[in-house]
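Accompanying notes for the structure given below.
Bear in mind the structure is a predicted one, so any value in this text is a computation, not a measurement.
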Amino acid sequence: MTNAMPLGYRIVGPCSRERRLVDYDRAFAAYADCDDLAQIEREGFLSPFQYDDAIRSRVVRPDGTLDVRRYAGPHWSRFLWFDIDDDGNIDRATASARRLVAWVLERYQVDESELLVFFSGSKGFHVGLPTSLFVAKPSDVFGRVARQVAEDIAAKAAVRLDTAIYNIVQPLRAPNSRHGKTGRHKRFLTVDELRQVRPAAIVDRSAEPLAFDLPETPAADERAVADWQAACEQTNRQAEAVRCCDNDRTELNRSTLEFIRDGADEGDRHRLLYSAAANLAELGCPSRLAHALLTESALDSGLPPADVRRAINNGLSKGDTE
């Protein structure tokens, strides 16, 4: 357990509403307990990561409202989250969640009671794997390393993830909160429920919230530590590649480098993201690396995940033809 990153933000209502600074662990526990303070009959979101006092520099109003755009400071999470959607097909999403959980239980020394599994209230699942297994420390690149580890695990389990949640400030639906469109709750599931209950029945159960106990923190696992270290090394290599390009601007446009570092302001976001993707494609950048380099900055700039994916893919297609 660590208290070096005690802060987070909370959104009450749609995710477009203001983000307010909170004690993250207290807020998460309130949602787990279905406490009245959590207001679980409303939509609710928590930050995907926890932060230290550096996040206080983003407070813009006395009530704790934050402006987190392009925040790039230290962050951390008690859980490595997996967001499984499968294009809204609940049967496929359930099968994917089952495969993922089976895979992590097979690979790591973790008890199923130490996982957090939720039906999202709409069309997918959120699975949380304790980061104590990985001895994962807070850093400025925690989210990127977490994404690398999650993508590696998902690939081996043959599961497709929504990777937007690894953005440093992308909101994540709070446990037991009500979904704004379906009216259902993000409901806790035991691993046995996930394995044995029919997908349609899982959806039915989310009509009501369910209080749950927070799991114990497992000890470090040798394989998990090695996996996290490998992901750190991969992330460092990608960062070094960007720095090398930065020193040789005859290869990458300055605007591409600036978008990767800083994103863009409203009005220029789609154009600059498209151009950056096209520029990367001109240099033979693989699609997966282009998405890894551009997605976080694009989301930080306020673009919706679907727009980000579309603009990058369109840019890559354009660059490939030139």
F134 and Y108: CA distance, side-chain angles, deciding distance, ring-ring contact (aromatic ring centres under 6.0 Å, His included) verdict: CA-CA 10 Å; F134 302 91; Y108 304 127; 5.6 Å; yes
Determine whether the side chains of [X] and [Y] contain a donor N or O and an acceptor N or O closer than 3.5 Å.
X    : Y    : answer
Y9   : R58  : no
H126 : K186 : yes
D111 : S113 : yes

task: With sequence neighbours excluded, tell me which residues meet ring pair (Phe, Tyr, Trp, His ring centres under 6.0 Å) with Y166.
output: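 If we apply the ring pair (Phe, Tyr, Trp, His ring centres under 6.0 Å) test to Y166, skipping adjacent residues, there are no hits.
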- request: List in chain and number order the residues that pass ring pair (Phe, Tyr, Trp, His ring centres under 6.0 Å) with F125, two or more places apart in sequence or in another chain; answer none if no residue qualifies.
  value: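 For F125, the residues satisfying ring pair (Phe, Tyr, Trp, His ring centres under 6.0 Å) (neighbours in sequence not counted) are F119.
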message: Salt bridge or not between R144 and E296? Use side-chain N to carboxylate O under 4.0 Å.
response: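 Yes, R144 and E296 are salt-bridged.
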- prompt: Would you call R160-D85 a salt bridge at under 4.0 Å N-O?
  reply: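 A salt bridge is absent here (no side-chain N lies under 4.0 Å from a carboxylate O).
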Residue pair [X] / [Y], side-chain heavy-atom distance below 4.5 Å:
X    : Y    : value
R56  : L21  : yes
N253 : S255 : yes
R187 : L189 : yes
T190 : F188 : yes
Y24  : P6   : no
W81  : L129 : no
V60  : L66  : no
L46  : L172 : no

Which heavy atom in [X] sits nearest to a heavy atom in [Y], and how many Å separate them?
X    : Y    : answer
S177 : R173 : OG-CG, 3.5 Å
D52  : A4   : CB-O, 3.5 Å
V110 : E114 : CG2-OE1, 3.4 Å
I168 : Y71  : CD1-O, 3.6 Å

message: Give me each pair satisfying salt bridge (charged side-chain N to carboxylate O under 4.0 Å, His left out) with a member in residues 220-229, each pair once, sequence neighbours excluded.
response: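 Residue pairs passing salt bridge (charged side-chain N to carboxylate O under 4.0 Å, His left out), neighbours aside: R107-D227.
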task: Determine whether F79 and V101 fall in the same hydrophobic cluster, where Ile, Leu, Val, Met, Phe, Trp and Tyr are linked whenever their side-chain heavy atoms lie under 4.5 Å apart.
output: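 Yes: a chain of side-chain contacts under 4.5 Å links F79 to V101.
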- request: Check whether I153 and L105 end up in the same hydrophobic cluster, where Ile, Leu, Val, Met, Phe, Trp and Tyr are linked by side-chain heavy atoms less than 4.5 Å apart.
  value: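 I153 and L105: one cluster.
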Enumerate, atom names and distances included, each donor-acceptor pair closer than 3.5 Å involving a side-chain atom of residues 286-293, sequence neighbours excluded.
unit_1: R288; atom_1: NH2; unit_2: E151; atom_2: OE1; d: 3.4
unit_1: H291; atom_1: NE2; unit_2: N313; atom_2: OD1; d: 2.9

Pairs of donor and acceptor atoms involving the side chains of residues 199-216, under 3.5 Å and at least two apart or interchain, shall be tabulated with distances.
unit_1: R205; atom_1: NH1; unit_2: E193; atom_2: OE2; d: 2.7
unit_1: S206; atom_1: OG; unit_2: V203; atom_2: O; d: 2.6

field: Candidate list V59, D63, I11, V12, test side-chain contact (heavy atoms from CB on, under 4.5 Å), partner R20, passing option
entry: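 Per the side-chain contact (heavy atoms from CB on, under 4.5 Å) rule, the option paired with R20 is D63, out of V59, D63, I11, V12.
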- prompt: For the side-chain contact (heavy atoms from CB on, under 4.5 Å) test, which of L272, L280, L283 pairs with T256?
  reply: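 Going through L272, L280, L283 one by one, the side-chain contact (heavy atoms from CB on, under 4.5 Å) with T256 is satisfied by L280 alone.
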Test of ring centre spacing under 6.0 Å for W228 and F142: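 Centroid separation for W228 and F142: below 6.0 Å.
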message: Just to verify, what does E112 make a salt bridge (charged side-chain N to carboxylate O under 4.0 Å, His left out) with, not counting sequence neighbours?
response: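 Salt bridge (charged side-chain N to carboxylate O under 4.0 Å, His left out) check on E112 returns R195.
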